[in-house]
Amino acid sequence: EHPYPTEIREYLYKILVIGDLGTGKTSIIKRYVHNIFSTNYKSTIGVDFALKVIQWSPDTVIRMQLWDIAGQEKFSGLTRVYYKEAVAALVVYDITRPNTFEAVPKWKADLDTKVCLPDGQPIPVVLLANKIDLQDEASVGLDGEEMERFCEDNGFLKWFGTSAKDNSNIDDAARFLLEEIMHRE
Ligand code: GTP
Ligand code: MG
């Protein structure tokens, strides 16, 4: 028996979720944090917040503060304020809409010009190809080799095909991102 209680380490991480309008950012967060999904579309106004508390290990607790950023163009002037002090990001596109994939480098560039880690390095970013439950011949960017090259060329650590509807791969993507953040501590 220990004479003193074990010290619990707590980390608070601000994580951004960005990408074009209607790609599923809010749905991914709702699935991840509350395990719910709705087909009703209510576009995010400005920014929303969600907190996910994770018992990472017996002596480590992580508080993930998820910033759900509106995809609407009219809010793009605010991203510099929203991005402040973020330590990581998820960029989301919709596999059924090619223009949302074409916009991915624009979102990444927006991040890299407006936020970085305290040591000046770019923040770790993971790409989510969302709505894989709707996958068909017309889906964009799901070829493994092409996507790996795309990630390398555009500074993404990794990509995941996700579905907020079916709850596919969202936990895996979040865990991967947290591991990257923890490595940098
Ligand atoms: P903005 O806040 O306007 O930027 O949109 P958003 O990226 O937050 O998208 P949101 O999560 O509101 O989802 C938009 C629509 O796509 C909603 O009708 C969702 O139900 C639907 N949707 C989101 N994720 C999925 C998914 O994985 N599969 C399917 N089939 N539909 C999804
Ligand atoms: Mg939203």
Side-chain angles (χ1 to χ4, degrees), residues 13-33 37 44 47-48 50 52 54 62 64-73 75-76 79 82-83 86-117 121-184:
Y13 295 133
K14 171 176 174 176
I15 296 167
L16 307 170
V17 184
I18 61 175
D20 268 7
L21 194 71
T23 52
K25 302 177 292 297
T26 300
S27 302
I28 287 167
I29 292 170
K30 290 229 161 104
R31 174 61 83 187
Y32 183 56
V33 176
F37 176 78
T44 303
V47 62
D48 266 331
K52 171 102 169 171
I54 298 161
I62 298 177
M64 277 177 99
Q65 194 181 71
L66 294 157
W67 285 53
D68 177 7
I69 313 277
Q72 283 184 59
E73 186 69 34
F75 299 112
S76 63
T79 57
Y82 297 153
Y83 293 176
V87 298
L90 297 167
V91 175
V92 184
Y93 80 92
D94 174 346
I95 65 155
T96 71
R97 288 183 297 139
N99 59 313
T100 67
F101 182 63
E102 284 150 24
V104 166
K106 187 204 73 169
W107 283 104
K108 181 64 167 63
D110 194 49
L111 271 180
D112 289 341
T113 55
K114 293 175 179 168
V115 67
C116 63
L117 295 176
Q121 292 294 308
I123 64 170
V125 189
V126 164
L127 178 62
L128 302 186
N130 192 42
K131 309 195 188 182
I132 52 163
D133 57 285
L134 299 176
Q135 184 175 353
D136 64 16
E137 311 77 48
S139 303
V140 240
L142 290 174
D143 175 75
E145 245 172 70
E146 264 173 45
M147 286 299 275
E148 268 152 44
R149 192 163 332 110
F150 181 87
C151 286
E152 228 167 81
D153 293 346
N154 291 277
F156 291 94
L157 293 172
K158 201 178 163 99
W159 75 283
F160 291 83
T162 59
S163 168
K165 188 178 179 209
D166 292 354
N167 197 14
S168 310
N169 268 335
I170 295 169
D171 287 321
D172 294 345
R175 169 156 288 270
F176 174 83
L177 193 60
L178 285 175
E179 264 159 15
E180 285 296 322
I181 298 167
M182 296 298 279
H183 276 149
R184 284 157 216 237

Sequence neighbours excluded, which residues qualify as side-chain contact (heavy atoms from CB on, under 4.5 Å) partners of [X]?
X	result
Pro105	Phe150, Asn154
Lys158	Phe160, Phe176
Glu152	none
Thr44	Thr26, Asp48, Asp68, Ala70

Heavy-atom closest pair, residues [X] and [Y]:
X	Y	answer
Ile29	Ala50	CG2-CB, 3.6 Å
Asn130	Gly24	ND2-CA, 3.7 Å
Glu148	Trp159	N-NE1, 4.3 Å
Glu73	Lys106	OE1-NZ, 4.2 Å
Pro124	Leu177	O-CD1, 3.9 Å
Ile132	Gly161	CD1-O, 3.5 Å

Q: Could you list the residues that satisfy side-chain hydrogen bond (donor to acceptor under 3.5 Å, both in side chains) with Lys108, not counting sequence neighbours?
A: Asp112

Q.
Which residues pass the side-chain hydrogen bond (donor to acceptor under 3.5 Å, both in side chains) test with Tyr13, not counting sequence neighbours?
A. Glu185

(Q) Run the ring-ring contact (aromatic ring centres under 6.0 Å, His included) test against Trp67 and tell me which residues pass, sequence neighbours left out. (A) Phe49

Q: Report the C-alpha separation of Leu127 and Val125 in whole Å, then their side-chain angles, then the decisive distance to 0.1 Å, and conclude whether the side chain to side chain contact (heavy atoms under 4.5 Å, CB included) test is met.
A: CA-CA 7 Å; Leu127 178 62; Val125 189; over 6 Å; no

Side-chain donor-acceptor pairs of residues 14-23 under 3.5 Å, sequence neighbours excluded:
residue: Lys14; atom: NZ; partner: Tyr82; partner atom: O; Å: 2.6
residue: Lys14; atom: NZ; partner: Lys84; partner atom: O; Å: 2.6
residue: Asp20; atom: OD1; partner: Trp107; partner atom: NE1; Å: 2.9
residue: Thr23; atom: OG1; partner: Asp20; partner atom: O; Å: 2.9

Q: Kindly say whether Gly141 contributes a backbone atom to a donor-acceptor pair with the side chain of Tyr93 at under 3.5 angstrom?
A: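 Yes, the answer is positive, given that a donor and an acceptor are paired below the 3.5 Å cut-off.
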
Q.
I'd like to know whether Lys25 forms a side chain to side chain contact (heavy atoms under 4.5 Å, CB included) with Ile69, so could you lay out the CA-CA distance, the side-chain angles of the two residues, the decisive distance to 0.1 Å, and finally the verdict.
A. CA-CA 8 Å; Lys25 302 177 292 297; Ile69 313 277; 5.6 Å; no

Q) How many angstroms lie between CZ in Phe37 and CD1 in Ile28, if you round to the nearest 0.5 Å? A) 10.0 Å

Q. Can you check side chain to side chain contact (heavy atoms under 4.5 Å, CB included) on Asp110 and Tyr83, steps first, answer last?
A. CA-CA 10 Å; Asp110 194 49; Tyr83 293 176; 2.8 Å; yes

Q | Residue pairs, two or more places apart or on separate chains, that pass salt bridge (charged side-chain N to carboxylate O under 4.0 Å, His left out) and touch residues 171-182 | A | Arg175-Glu179, Glu180-Arg184

Q) Does any pair with a residue in residues 125-146 pass salt bridge (charged side-chain N to carboxylate O under 4.0 Å, His left out), and if so which ones, sequence neighbours excluded? A) Asp94-Lys131

(Q) Using the rule side-chain contact (heavy atoms from CB on, under 4.5 Å), only one of Leu128, Val104, Val126 pairs with Phe156; which is it? (A) Val104

